[in-house]
Amino acid sequence: MNHKIYIQDVTLRDGMHAIRHQYSKEQIQSIALALDKAKVDAIEISHGDGLAGGSFNYGFGAHTDWEWLEGMKDQLQHAKLTTLVLPGIATIHDLKKARDLGVESVRIATHCTEADIAPQHIEAAKKLGMDVGGFLMMSHMNKPVKLAQQAKIMEDAGADCIYVTDSAGALLMDGVADRIKAFKDILKPETEIGIHCHHNLSLGVANTIVAMQHGANRLDASLAGMGAGAGNAPLEVLVAVLNKMHISHNSDVYQLMDAADDLIRPLQLRPVRVDRETLSLGYAGVYSSFLLHSERAAQKYGLDTREILEELGKRNMVGGQEDMIVDVALDMLRSKNEA
Amino acid sequence: MSKTKCAIIGSGNIGTDLMIKIIRLSETLEVAVLVGIDPESDGLARARRMEIDTCHTGVDGLIKMPEWKEIKIIFDATSARAHQYNWDKIQAFPDKKMIDLTPAAIGPYLVPTVNLNEHLDVSNLNMVTCGGQATIPIVAAVNQVTKVHYGEIVASIASKSAGPGTRANIDEFTETTSKAIEDVGGATRGKAIIVLNPAEPPLVMRDTVFTLSESADQEAIRESIHKMVEDVKAYVPGYELHQEVQFEEIPESNPVFIEGLGHCHGLKTTVLLKVEGAGHYLPAYAGNLDIMTSAARATAEQVIAQQSV
């Protein structure tokens with residue numbers, strides 16, 4: 001079954017990480033409207049760690065999710081309003097609140113081996129009449145066939161689409177292809193397959209294209225790559241490549257280029273790019289959202305960001321364990337002082 | 001003195017660990033029956049090997065057993081939904097006390113180091129959650145020194161130590177823990193986060209507590225936390241402060257925006273804990289089992305101690 005290409009923008013969700021969840025309501029509005037005008041298919045809005053992510057652990061937002069979402073539905077002409085839920089952080093209660101604010105589609109995200117904490121939320125979202133994606137984070141940490149078995153758990157619970165989510169930007173092109181192929185082998189033909197990349201090894205667009213060539217049709221991207229670590233697949237670049245490949249989709253490349261440069265780049269607190277620190281994320285296979293937290297810990301305790309990131313990788317920390325960054329930093333400080 | 005007889009409903013990780021703890025450690029409690037619903041379960045097999053009576057027909061089977069009359073304390077280690085059913089059956093027996101290890105929270109929350117003596121006369125006591133037992137004492141320790149406006153906890157547990165009940169009801173963990181951070185910990189607003197980590201070998205349970213409180217003497221807060229850690233250690237030997245308490249002043253000029261509270265400033269306190277299990281049923285990484293079962297055992301023993309006075 002051939003599914004239509006569906007481009008989901010994550011500038012206003014994953015992009016939150018890049019500005020410590022500090023978008024103003026006005027910024028959210030102007031960016032969402034520009035995306036809608038350029039005809040992306042879906043726009044995800046929430047704290048970077050999903051609904052209810054605002055916390056000491058992940059950083060408090062400038063607003064609540066509800067303030068960011070309120071009124072957005074009525075302003076969108078083309079794009080679906082979507083959001084993100086991480087079981088363990090947000091609850092079904094939060095999901096219902098988002099639904100009441102007009103959110104039509106949601107992704108339920110778990111670590112790539114823990115899909116069985118998601119069925120409760122997937123079923124609840126289906127009952128609310130929502131389109132549901134299952135989002136298997138840190139996909140590089142699970143082998144293709146095993147990852148596909150996790151995808152199956154989400155499909156069985158009712159998810160319409162399952163994503164290979166390369167949260168650490170650590171997958172190479174073969175790794176993406178193998179995972180999508182494994183999904184194809186085991187999932188029903190009507191289930192859509194999605195890809196969410198990070199650009200830490202500069203493969204954001206390439207990996208997205210490889211995934212598409214193997215059967216993924218829901219493609220995640222963000223304006224100017226605005227996202228955790230070195231960012232996501234840059235949306236305007238992805239769309240330009242799709243045009244050159246003569247792949248049919250709805251989005252307007254020039255409007256996206258303008259939005260990327262005029263609206264997004266001026267907002268970046270720290271340039272979202274491949275550099276020593278963000279490359280280290282992809283190289284060590286570390287959750288991209290750890291970047292700014294690790295930079296802050298490095299500064300506070302007089303340590304090297306790259307060394308903190310590498311140690312987090314060695315300890316097999318997964319998404320959500322931001323509290324362990326300070327723990328690692330204090331351990332490193334102690335061994336440095338003892339040396 | 002003869003020991004008080006108890007039954008444990010639920011033969012999963014928590015029920016089985018609790019059974020082993022009582023058999024090995026308790027001077028006042030005796031496990032009369034381990035109750036399950038699957039005769040083939042590992043927990044019931046373990047009980048039979050330890051020469052403990054078993055029942056595989058749930059609470060309905062239990063109340064028909066000859067031992068039932070003598071049982072005074074029932075631990076429920078099933079799930080929130082099953083607890084509702086079990087409690088409906090058991091509350092008809094006023095001589096029995098229920099200690100609920102599910103997140104059902106029909107009865108008041110009980111955290112032994114904080115409010116052990118407050119609810120001992122109540123017939124159904126709730127043990128919150130593993131993450132709650134590990135962290136609420138710390139929130140309370142800060143609140144004993146200065147008003148806690150906001151308490152947030154992050155519990156990281158090894159995937160292998162999270163059974164199917166926990167996995168199917170993860171919202172109950174976050175909701176019950178958040179509420180108990182407020183009700184027992186004393187925070188105006190509570191928030192709980194749980195993360196499962198599948199690393200091999202499995203990682204020992206970690207819990208982190210963040211509080212935002214009125215600014216106060218940091219040394220007094222530090223002392224209160226250290227004392228509380230010692231109190232918890234008395235019944236969970238593997239409970240420890242993994243790092244020294246961290247403080248950060250959040251100035252009024254650069255506040256944090258907390259849902260439900262608005263812009264807040266004051267003192268941020270960060271406490272990084274590690275909870276190593278005693279390795280009774282699951283290996284030492286499963287501190288989440290130990291803290292829950294040890295708290296339930298401590299509570300039951302206190303109930304007995306009080307009744308015998």
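In the text below, chain A, chain B and the rest are named by the order of the sequence lines, each starting its count at 1.
Contact count versus chain B (heavy atoms, under 4.5 Å) is highest, among A/Ile92, A/Val318, A/Val326, A/Asn57, for A/Asn57. When the candidates B/Asn169, B/Val154, B/Thr270 are compared by the number of heavy-atom contacts under 4.5 Å with chain A, B/Val154 comes out ahead. Residue with the most contacts toward chain B among A/His93, A/His63, A/Gln321: A/Gln321 (heavy-atom pairs, distance under 4.5 Å).
Once rounded to the nearest 0.5 Å, the distance linking CG of A/Asp331 with CD of B/Gln243 reads 4.5 Å. Note: A/Ile89 CD1 to B/Thr174 OG1 = 10.0 Å, rounded to the nearest 0.5 Å. Atom CG of A/Asp94 sits about 8.0 Å away from atom CD of B/Glu175, to the nearest 0.5 Å.
Within 6.0 Å of CD on A/Gln299 lie no more than 12 heavy atoms contributed by other residues, nucleotides or ligands. Annotation: A/Lys127, atom NZ; neighbour count of heavy atoms from other residues, nucleotides and ligands within 6.0 Å does not exceed 12. In the displayed structure, B/Glu252 atom CD is contacted under 6.0 Å by at most 12 heavy atoms of other residues, nucleotides or ligands. Atom NZ of B/Lys268 has more than 12 neighbouring heavy atoms from other residues, nucleotides or ligands inside a 6.0 Å radius. For B/Arg81, the CZ atom is loosely surrounded, since the number of other residues' heavy atoms within 6.0 Å does not exceed 12. When the shell of 6.0 Å around NZ of B/Lys227 is examined, it contains 12 or fewer heavy atoms from other residues, nucleotides or ligands. Shown here is A/Lys143, whose NZ atom has no more than 12 heavy atoms of other residues, nucleotides or ligands within 6.0 Å. Within a 6.0 Å sphere centred on NZ of A/Lys146, other residues, nucleotides and ligands contribute 12 heavy atoms or fewer.
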Evaluate A/His111 against B/Asn197 for side chain to side chain donor-acceptor pair (under 3.5 Å), listing each step before the verdict. CA-CA 8 Å; A/His111 185 68; B/Asn197 185 313; over 6 Å; no
Between B/Thr208 and A/Asp323, does a side chain to side chain donor-acceptor pair (under 3.5 Å) hold up when you go through it step by step? CA-CA 7 Å; B/Thr208 301; A/Asp323 54 323; 2.5 Å; yes
Given the rule in the side-chain contact (heavy atoms from CB on, under 4.5 Å) test, do A/Met324 and B/Leu272 qualify, once you have shown the distances and angles that lead to the verdict? CA-CA 9 Å; A/Met324 289 296 109; B/Leu272 292 147; 4.1 Å; yes
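Summarising the geometry of B/Ile170 relative to A/Pro87, their closest heavy-atom pair is CG2-CB, 3.9 Å, with the distance given to 0.1 Å. Contact record, B/Pro198 with A/Thr113: CG-OG1, 3.2 Å, taken as the closest heavy-atom pair. Across all their heavy atoms, B/Lys191 and A/Ser55 have their closest contact at CE-CB, 4.0 Å.
With a 4.5 angstrom heavy-atom cutoff, B/Phe257 touches chain A via backbone and side-chain atoms both. Contact annotation for A/Ala52: both backbone and side-chain heavy atoms come within less than 4.5 Å of a heavy atom of chain B. Heavy atoms closer than 4.5 Å to chain A are found in the backbone of B/Ala192, but not in its side chain. For B/Gln246, the part lying near chain A is the side chain, with the backbone staying farther off; criterion is any non-hydrogen pair under 4.5 Å. With a 4.5 angstrom heavy-atom cutoff, A/Glu67 touches chain B only via side-chain atoms. When heavy atoms are compared at a cutoff of 4.5 Å, B/Ile250 approaches chain A solely by way of its side chain, counted from C-beta outward. Heavy atoms closer than 4.5 Å to chain B are found in the backbone of A/Arg315, but not in its side chain. Proximity to chain A (any heavy atom under 4.5 Å) is shown, for B/Ser178, by neither the backbone nor the side chain. With a threshold of 4.5 angstrom between heavy atoms, B/Ile258 approaches chain A through its backbone and through its side chain. Of the atoms belonging to B/Leu203, it is side-chain heavy atoms, and not backbone ones, that fall under 4.5 Å from chain A. B/Glu259 touches chain A through backbone and side chain together, each having a heavy atom under 4.5 Å away.
In this structure, A/Asn316 contributes its side chain and B/Ala199 its backbone to no donor-acceptor pair below 3.5 Å.
Using a 4.0 Å cut-off between charged side-chain N and carboxylate O, B/Arg206 and A/Asp327 make a salt bridge.
In this structure, B/Phe210 and A/Phe56 have tilted ring planes: the angle between them lies in the 30° to 60° band.
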